[in-house]
Amino acid sequence: MPAEIDYQQVDKILAKYANDKGTLIPIMQEVQNLYNYLPKAVLEYLSQKTEIPLSEIYGVATFYSLFHLNPRGKYIIRCCQGTACHVRGGAGILAALEKHLGIKAGETTADGRFTLETVACLGACGLAPVMQVNEDTHGRMTPTKVPTILAGYK
Amino acid sequence: MKTLADLQTLRAEYIKKLQIVAAEKVLVLIGMGTCGIAAGAKQVMVSLQEEIKAHNLSNVVIKQTGCIGMCEQEVLVDIVRPNEARVTYGKVKPSDVKILVEEHIIGGRAVKELAVGRYPDANVDKGYGDVPKYREIDFCKKQQHLVLEHCGVIDPSSIEEYIAVGGYEGLAKVLTSMTPEAVIDEIKKSGLRGRGGGGFPTGVKWQFAHNSQADQKYIICNADEGDPGAFMDRSVMEGDPHRVVEGMAIGGFAIGATEGYVYIRAEYPLAVKHLREAITAAEQAGFLGDNIFGSGFSFHLHIKEGAGAFVCGEETALMQSIEGKRGMPRPRPPFPAVSGLWGKPTNINNVETFANVAMIMVKGADWYAGMGTDGSKGTKVFALTGKIKHTGLAEVPMGTTIREIIFDIGGGIAEDKKFKAVQIGGPSGGCLPESMLDLSVDYDSLIKAGAMMGSGGLVVMDETTCMVDVARFFLTFTQAESCGKCTPCREGTKRMLEILNRIVEGKGREGDIELLEDLAETIKDTALCGLGQTAPNPVLATLKYFRNEYEAHIKEHCCPAGSCTALTKYVITDKCKGCGLCKRNCPVGAIEGGSKGQHKIDYNKCIKCGTCMANCPFKAIVRE
Amino acid sequence: MAMVSITVNGKKFQVPAGMTILQACRMKDIYIPTLCYHPELKPAGACRLCVVEVNMAKTLVAACVYPVADGMEVKTNSERVRKARRTIVELLLTNHPKDCLTCLKSSKCELQKIAQELGVRKLRFEGGERRQHIKDESTPSLVRDPEKCILCGRCVRMCHDIQGMDVYGFQKRGFNTLVAPAFDCGLGDVACSLCGQCATVCPTGAIMERDDTDKVWAAVNDPDKIVLVQMAPSVRVALGEEFGMAPGSIVTGKMVSALRKMGFDYVFDINFAADLTIMEEGYEFIDRIKNKGVLPMITSCSPGWVNTLELKYPGLIPHLSTAKSPQGMFGAVAKTYFAERKKIDPSKIVTVSVMPCTAKKYEAARPELSDSGFTDIDIVITTRELGRMMRSLNIDFANLPDGEFDSPLGTGTGAAVIFGTTGGVMEAALRTVAEVVTGESFDKVEYKEVRGIAETREAIIPVGDLQVKVAVVNTLKAAQEMCKRVAAGTADYHFIEIMACPGGCIGGGGQPIPVDFMKRMQRQKALFSIDEASVIRKSHENPEIKTLYKEFLGQPLSEKAHKLLHTSYKNRKK
């Protein structure tokens with residue numbers, strides 16, 4: 001979590017999109033890449049700089065499920081709840097993750113290590129059920145594999 | 001580059017270059033699509049590099065490729081020695097690498113246990129005769145790869161390889177010898193229909209946008225493949241991105257758009273990466289940019305990443321999202337062809353549709369229209385998933401029956417269970433029962449049967465799948481993804497979901513089925529956009545074919561499929577030998593018991609995942 | 001105009017091409033119920049209540065957005081349509097509190113009215129989840145109850161399209177969708193002008209004025225208090241609508257009679273203070289011209305506008321006239337001059353303003369408005385609240401005899417009454433400034449150059465040797481555009497009048513609803529007709545004002561006048 005916002009970094013992002021249209025979403029995506037979430041102060045700053053009303057920015061930030069307004073864990077677990085995963089036991093994987101981590105989907109563990117999220121479909125349906133930990137996709141999941149896989153993320 | 005001949009010269013040069021490599025080097029291709037990586041392709045790659053180094057082999061080239069659609073067989077590795085057959089290996093684990101290197105790369109002998117197939121065009125069969133020809137294995141026999149023809153074959157990050165297989169010849173032909181009108185006529189004649197859902201004739205759509213007068217027009221590729229259970233667009237973008245770029249450029253020329261956008265879901269990072277690389281390469285090679293092929297036609301392509309909203313697959317919502325707004329659909333008319341992105345005439349097609357365009361230009365509308373049924377031409381890629389033996393992508397001519405796809409290509413139901421239903425068309429589609437298996441897949445037959453082509457996801461369900469739960473699953477999805485703008489979708493799907501929730505919990509009431517039907521009809525009739533209007537389809541379709549399952553939940557408080565967790569529990573019977581396997585495998589530590597004694601489940605902890613039952617060697621655990 | 005032929009419910013009509021089905025049907029007096037539609041806002045097609053059956057579409061279509069086409073056959077009241085509408089209302093009601101009996105909006109609520117019309121008698125989905133949200137009571141002006149919100153988005157469009165304030169937005173999505181300021185803050189925590197236009201378009205009780213009527217009754221019924229009531233110019237041409245009278249009915253005398261029935265001790269007129277404002281503001285303007293003060297000078301009587309400036313363009317504060325609004329001046333004078341003259345202990349005086357405006361509630365609560373040594377204005381109620389109070393006494397308003405205002409704060413000129421419309425303050429000021437500057441008396445009273453309803457108007461008015469360049473602005477969207485020009489130095493004017501609400505106070509956020517363009521025009525017309533019928537039409541000729549200066553204040557801009565009648569503003573940038 002950033003102790004202080006580095007507005008120079010934000011300015012760099014803004015400069016990159018200065019000449020394009022409809023750039024709010026890519027700008028917020030880059031800001032989120034920087035901080036892992038969208039700090040309120042940065043959204044207010046974006047509103048000032050882009051002259052897009054804060055109500056609109058906030059509306060966009062809360063519309064899309066990939067935007068987050070609260071700090072998240074070091075590792076983001078995305079448990080796929082797509083159709084293929086569902087019929088192959090995706091709900092069981094999620095239940096196992098929730099039990100193992102002691103949190104519900106959408107929450108972050110107290111130590112800040114894991115954030116558990118669900119995702120509509122990762123498009124790896126052939127290997128269902130699947131889950132993603134940051135960039136790594138784990139296919140052919142079983143509830144039993146959950147503790148072992150998570151142990152690999154320190 | 002100014003003419004088709006220039007391109008062909010270049011092509012010859014690249015072919016030669018590839019041939020020189022092929023004549024000297026052993027090529028190893030690893031399927032590095034998302035599925036491959038998820039199955040462990042990266043680890044296999046590392047092992048391969050180590051093994052090659054250990055054997056001090058200097059003539060081996062490792063290449064990455066896309067997905068050939070055999071997800072079940074991932075990790076897939078192809079090996080081809082100079083002037084020998086190309087053999088595909090499946091389910092390769094890092095521990096298999098040593099034998100592959102020693103036997104095939106060094107020894108020139110196929111590793112039969114791992115081999116999936118060999119390419120039939122290989123002229124030398126020495127040592128590989130036992131490996132079935134690729135096109136003759138069950139999974140491939142009834143398939144016809146047009147859209148997927150290069151996926152898993154070429155290196156998606158190499159424009160040279162795309163050109164070597166004939167890439168950009170369609171664009172060259174169009175720009176150097178055709179008028180926009182002629183292109184549209186050709187597409188119309190081909191009978192190509194939109195592959196993203198409704199199946200609107202592509203040529204007619206292009207004509208609308210072409211007819212609109214404006215200082216600026218846009219062409220958009222809808223790559224927001226949000227239907228859970230569909231991933232063909234991802235595979236194409238990951239495995240053959242230039243095909244999409246080329247199709248869009250041709251479309252841009254036809255309608256008069258100089259700017260194009262690919263709206264792609266951010267959940268597909270690899271596809272984004274490959275498309276970006278492809279656009280850059282195409283710009284450098286002169287297939288994108290100003291005055292392409294000296295024709296005076298300029299075309300610039302941009303990528304916009306989605307941010308996680310299924311509704312953005314709807315045309316008008318998608319455009320809102322590109323404009324940086326909340327993805328809320330707006331009423332039509334005006335249609336995008338008249339007033340679309342930033343109020344300008346806009347044409348939107350999906351990835352698979354664009355992927356069909358270039359080959360129609362090269363091979364002609366007549367050739368294309370020769371495939372398929374009367375109303376549906378060409379092929380369609382289906383994503384086969386669920387309780388099926390061979391999951392993966394199956395590209396078949398329109399008109400193939402569902403039975404052929406599921407049983408001949410997909411190998412039937414996994415674990416030899418009984419087929420119950422297949423869900424077609426994602427959250428907007430419907431479930432078809434066994435009696436409909438001989439339905440031919442084309443746009444019109446599916447609509448008539450209460451399903452739809454959708455993007456082409458086929459999720460297979462067996463006797464253990466509860467159809468009420470499936471309906472609830474889809475409603476949960478559409479409910480979560482409703483944009484919230486119109487009342488029927490926002491409020492109506494919520495109430496439908498509440499009713500379904502109580503039914504699967506055994507708390508359904510008399511009259512709930514009728515209430516569901518009544519509400520579903522109103523939502524279909526009044527919702528603002530296509531997503532809202534089709535949101536009730538999974539419920540209506542399951543009610544049509546599996547009404548008895550609803551009735552069993554409501555009247556008898558039981559789930560005939562034994563799947564609804566509120567209505568089932570796992571019990572360890574006295575057949576238990578106390579082996580402890582269930583206890584060790586339980587992910588939540590809900591099983592107690594000492595060695596040799598009968599084990600017990602702590603129901604406060606149990607999450608009903610069924611792992612214990614699946615792992616019990618004595619069939620001592622039953623579901624009640 | 002190109003016409004198309006359509007059939008509605010079996011009857012053929014010729015209607016202009018390009019119209020929506022709803023427009024065409026309204027033109028032909030065919031009723032289609034609506035909720036998210038508002039005649040002055042861009043249609044959204046969101047609530048789907050206005051669905052109709054057409055032969056050109058498979059599903060029902062929303063009449064508010066679907067264009068007519070030649071040969072179109074429309075059914076507006078078929079069983080299929082009725083069932084769909086009933087289900088939609090049922091769905092809205094399921095996610096809505098069932099406290100109609102105690103709701104402030106009851107009987108004025110569009111949802112309630114439509115549910116009755118459609119005969120929704122049963123909620124088949126009752127017991128399901130309902131939106132839970134705490135009330136927003138962060139401002140003295142408006143109360144938001146998001147649980148009553150039906151997400152029609154009228155406030156969002158009003159705040160964006162007309163006012164350009166963008167306070168409201170849609171948040172989250174699907175069933176969790178919420179209309180609220182960013183980060184779900186209260187209105188008091190964001191840059192909200194409190195103009196109340198959102199409340200004028202809200203179909204339900206989700207956004208309403210804060211109800212202060214109980215405070216008024218308590219004061220009236222307190223024997224220790226002397227309760228003064230005074231109303232803004234625009235109230236007298238709108239209050240009749242609260243009693244079913246035609247828009248633009250002039251009800252000044254009936255209102256006075258009704259107020260007396262309610263038990264107020266003195267019934268005064270803000271018009272008196274409006275004339276006083278012209279004196280101070282007019283002299284201030286002349287002073288700025290003569291002594292090269294900051295120009296353009298901008299009026300300060302619209303608190304929605306003043307809030308906007310303080311919250312979003314604080315750099316322009318020096319342009320704002322330091323003269324208090326009429327309400328501010330009235331309170332300061334009432335608790336000093338009036339109290340002295342009547343020998344009343346000012347601490348016993350309760351001043352009650354009746355305003356067309358929700359932002360006036362905020363203005364009255366400003367600490368600056370206590371120059372009398374007390375809270376200058378104790379309670380502000382809107383025209384709507386006054387209507388409710390009068391109705392609670394079952395007063396037969398339309399048949400009341402005309403009453404007379406009390407003195408000495410009850411006389412206003414024709415110049416004062418037109419304060420209630422856009423351009424009125426400017427015209428009133430010009431009437432006085434022209435004569436003060438030249439020392440002559442003119443026959444010309446009407447400055448039609450500044451009249452109108454357009455959002456931004458400009459004129460050049462010769463005053464003596466000077467060509468006075470003026471601009472008149474209404475709506476906060478136009479106001480903000482003007483702010484940008486002033487900040488950029490491209491607003492080449494001497495004097496600008498800015499009103500926050502469409503049409504000025506006649507379209508204020510506290511005025512009777514529903515309101516539309518035609519009603520505002522009627523109200524404006526009524527104000528001008530009062531002016532025209534007035535004997536005295538120039539503020540500086542108001543005899544009570546003359547007496548006030550003679551007996552109490554001395555001269556305009558005197559030290560005493562400065563202390564009591566001028567104020568300061570602060571940077572509240574958010």
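In what follows, chains are A, B, ... by sequence order, proteins preceding strands, each numbered from 1.
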A.B. asks: Run the salt-bridge test on B:Glu259 and B:Lys344 with the 4.0 Å N-O cut-off and return the result as yes or no.
C.D. replies: no

A.B. asks: Could you tell me which portion of B:Ala39 (side chain, backbone, both or neither) has an atom closer than 4.5 angstrom to a non-hydrogen atom of chain A?
C.D. replies: both

A.B. asks: Taking heavy atoms only and a threshold strictly under 4.5 Å, list by residue number the residues of residues 88-103 of chain A that touch chain B; give 'none' if the list is empty.
C.D. replies: A:Arg88, A:Gly92, A:Ala95, A:Ala96, A:Lys99

A.B. asks: Report which part of B:Arg234 has an atom under 4.5 Å of a heavy atom belonging to chain A: side chain, backbone, both, or neither.
C.D. replies: side chain

A.B. asks: Do A:Asn134 and A:Tyr153 have side-chain N/O donor and acceptor atoms under 3.5 Å apart?
C.D. replies: no

A.B. asks: Between B:Thr34 and B:Tyr268, is there a side-chain donor-acceptor contact under 3.5 Å, judged purely by atom types and distance?
C.D. replies: no

A.B. asks: Less than 4.5 Å to any heavy atom of chain A: does that hold for the side chain of B:Ala614, its backbone, both, or neither?
C.D. replies: neither

A.B. asks: Contact part of B:Lys304 toward chain A, heavy-atom cut-off under 4.5 Å: side chain, backbone, both or neither?
C.D. replies: side chain

A.B. asks: Could you tell me whether B:Lys273 and B:Glu238 make a salt bridge, using a distance below 4.0 angstrom between a side-chain N and a carboxylate O?
C.D. replies: no

A.B. asks: Under a 3.5 Å threshold, yes or no: a donor from one side chain and an acceptor from the other, between B:Thr464 and B:Lys387?
C.D. replies: yes

A.B. asks: Is chain A contacted by the side chain of B:Cys67, its backbone, both, or neither, given a heavy-atom distance below 4.5 Å?
C.D. replies: neither

A.B. asks: Determine which residues belonging to residues 54-65 of chain A lie within contact range of chain B, meaning some heavy atom pair is under 4.5 Å apart, and list them by number or answer 'none'.
C.D. replies: A:Glu56, A:Gly59, A:Val60, A:Thr62, A:Phe63, A:Tyr64, A:Ser65

A.B. asks: Checking B:Glu323 against chain A: side chain, backbone, both or neither under 4.5 Å from a heavy atom?
C.D. replies: backbone

A.B. asks: Between B:Phe477 and B:Phe310, is the gap from one ring center to the other below 6.0 Å?
C.D. replies: yes

